[in-house]
Amino acid sequence: MTTENFERDSLTAFEKMLQGYKKAKQSLVWESNMDDLIERMTHLPTAPFPTELMKLFDYNYLVLSDDISTLVQKALQMREQMQHTQRFVHIEEKYYSLPFLPKNTFLKKLKVFNNEGELCYQQIGKLYIRFNRLLIWVLPGRKSFSFHDIFTFKQKSIQLRDLEIYYYSPFLDLTTTDPQCYYDFFCDYYGKTQFLKYFNTKDIISFALDSSFDNTLHNTPKALEEILKLTSSQQVLWAYFLFRLMGMKLRLHIDAAMMTRFLLIVNRNDLEDYKKSYFYKLVSKAPFVKEDKKLLADLETIRLHFQKSKLPTGDIDKEILNLITN
């Protein structure tokens, strides 16, 4: 259970979601419901325990850089602290029991109680005889319906109190003590967040890699104009953290050559001899493209740029914190 393996497994989860999305995008079934599809694919738990685990991950892993094994141990300690808070919903239900009706089909009464034993929701069902069908049934001749079709069923619902309903994680709950389940939970969560970040940034990257870069400057989108106004070192930081948002770390998932070519395309520069470019020199030592104080100023600039574009700044905040505290 190492951080390197965790990053790889989370990236695998991200790639599976991305492949599923691309396949669905080619299907007519999801053609007009892609937003709904993304919401379903990235739906996160809302129950208190997994919600606290996600907060734990966001701070301890993404900001403090705890390794995954340490994070899992902290998650298990959190379970011990919260296990007494587990909530249960109690349900009582009764069905009509008649020889001519299918078993457990027609609900007579349903009661839903919250964790405090308070009745929150009640549903009452009533059977009615359809006399016209009953008459047909008792008369001689061939019948086009079965005997239980003589009856009709209606339900009445009564809500007495608001019932707090949570979406629970399929990986764990407050009874789970297996460390692997927590590892799988964090992999799933990290993969989903990276998938969402990908959709927040894909339009900019898609444009940057598009052949339409031969257009003149007055046709350049405003978002790209803002990027081109950045200095070379700031552009390197922009690309560095942009790829991080998609779960792709420099030197681990992408190399300096790829990021350099990306920046050269953004700036409409020649890709030949890219290793001799100033971008390549900066990328090779990213994110430490300047001395501490100057680097801090550039990081603040990129942070503001990300905020303006409504992109997450967690990775940038973490780097700023490291520079300030070290």
Side-chain angles (χ1 to χ4, degrees), residues 1-18 20-21 35-89 115 164-201 241-249 253 303 306-307 310-322:
M1 195 178 289
T2 65
T3 297
E4 184 177 351
N5 288 340
F6 175 75
E7 291 284 344
R8 185 192 64 233
D9 293 340
S10 299
L11 183 61
T12 300
F14 163 79
E15 289 173 344
K16 285 181 179 178
M17 283 187 283
L18 186 58
Y21 170 80
D35 290 340
D36 184 42
L37 173 64
I38 295 171
E39 184 177 351
R40 292 189 188 190
M41 294 175 68
T42 58
H43 195 43
L44 297 172
T46 58
F49 181 48
T51 299
E52 289 302 314
L53 290 180
M54 290 185 285
K55 292 179 182 178
L56 178 73
F57 180 88
D58 290 343
Y59 183 71
N60 288 71
Y61 187 81
L62 298 180
V63 178
L64 300 182
S65 298
D66 281 354
D67 60 76
I68 189 61
S69 58
T70 301
L71 189 68
V72 168
Q73 290 304 314
K74 289 182 178 179
L76 287 167
Q77 293 171 6
M78 181 179 288
R79 185 204 73 86
E80 292 180 2
Q81 296 167 0
M82 294 185 64
Q83 59 182 335
H84 67 281
T85 65
Q86 187 163 4
R87 300 173 65 86
F88 296 93
V89 173
N115 190 66
E164 214 170 6
I165 299 176
Y166 297 120
Y167 174 70
Y168 290 86
S169 168
F171 297 96
L172 49 75
D173 56 33
L174 282 166
T175 65
T176 306
T177 57
D178 183 0
Q180 185 63 43
C181 295
Y182 290 82
Y183 178 89
D184 294 339
F185 170 83
F186 288 130
C187 275
D188 179 74
Y189 172 61
Y190 197 27
K192 286 179 178 177
T193 55
Q194 295 306 308
F195 184 71
L196 287 172
K197 289 175 182 178
Y198 165 79
F199 277 93
N200 288 333
T201 57
F241 289 109
L242 187 63
F243 280 98
R244 282 288 294 266
L245 279 181
M246 296 184 292
M248 292 182 281
K249 294 183 177 181
H253 303 115
R303 185 174 181 273
F306 271 50
Q307 288 178 336
K310 297 181 179 180
L311 296 175
T313 61
D315 290 327
I316 303 173
D317 293 337
K318 175 182 172 182
E319 202 61 52
I320 291 174
L321 181 64
N322 287 338

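What you see is a predicted model, and the numbers here were worked out from it, not measured in a lab.
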Within the 4.5 Å heavy-atom criterion, are Tyr189 and Asp58 side-chain neighbours or not? yes

Minimum heavy-atom distance between Thr313 and Phe306, given as atom pair plus value: CG2-CB, 3.8 Å

Measuring from atom CG of Asn5 to atom CD1 of Ile68, what distance do you get when rounded to the nearest 0.5 angstrom? 10.5 Å

State whether the number of non-hydrogen atoms from other residues, nucleotides or ligands found under 6.0 Å of Tyr59 atom OH is greater than 12. no

Could you pull out the closest heavy-atom pair between Ser169 and Pro45, with the gap in Å? CB-CG, 3.8 Å

Donor-acceptor pair, side chain of Tyr182 and main chain of Thr176, under 3.5 angstrom: yes

For the residue pair Leu245 and Pro312, what are the closest heavy atoms and their distance? CD2-O, 3.8 Å

Centroid separation Phe57 to Tyr61 less than 6.0 Å: yes

Interatomic distance, CZ@Arg244 vs NZ@Lys318, rounded to 0.5 Å, equals 5.5 Å

Would Phe49 and Met78 count as a side chain to side chain contact (heavy atoms under 4.5 Å, CB included) here? Give the steps. CA-CA 8 Å; Phe49 181 48; Met78 181 179 288; 4.3 Å; yes

Euclidean distance, Asp184 CG relative to Phe6 CZ, rounded to 0.5 Å: 10.0 Å

Nearest-0.5 Å distance, CG of residue Leu64 to CG of residue Leu321: 7.5 Å

Could you check if a side-chain atom of Tyr190 sits within less than 4.5 angstrom of a side-chain atom of Asp9, using non-hydrogen atoms only? no

In terms of heavy-atom contacts, Leu172 and Cys181 come closest through CD2-O, 3.9 Å

Hey, could you give me the CD/OG1 distance between Glu7 and Thr2, rounded to the nearest 0.5 Å? 10.0 Å

In Å, rounded to the nearest 0.5 Å, how long is the span from CZ of Arg303 to CG of Asp315? 12.5 Å

Which atom names give the shortest non-hydrogen contact between Lys74 and Asn60, and what distance separates them? NZ-ND2, 2.9 Å

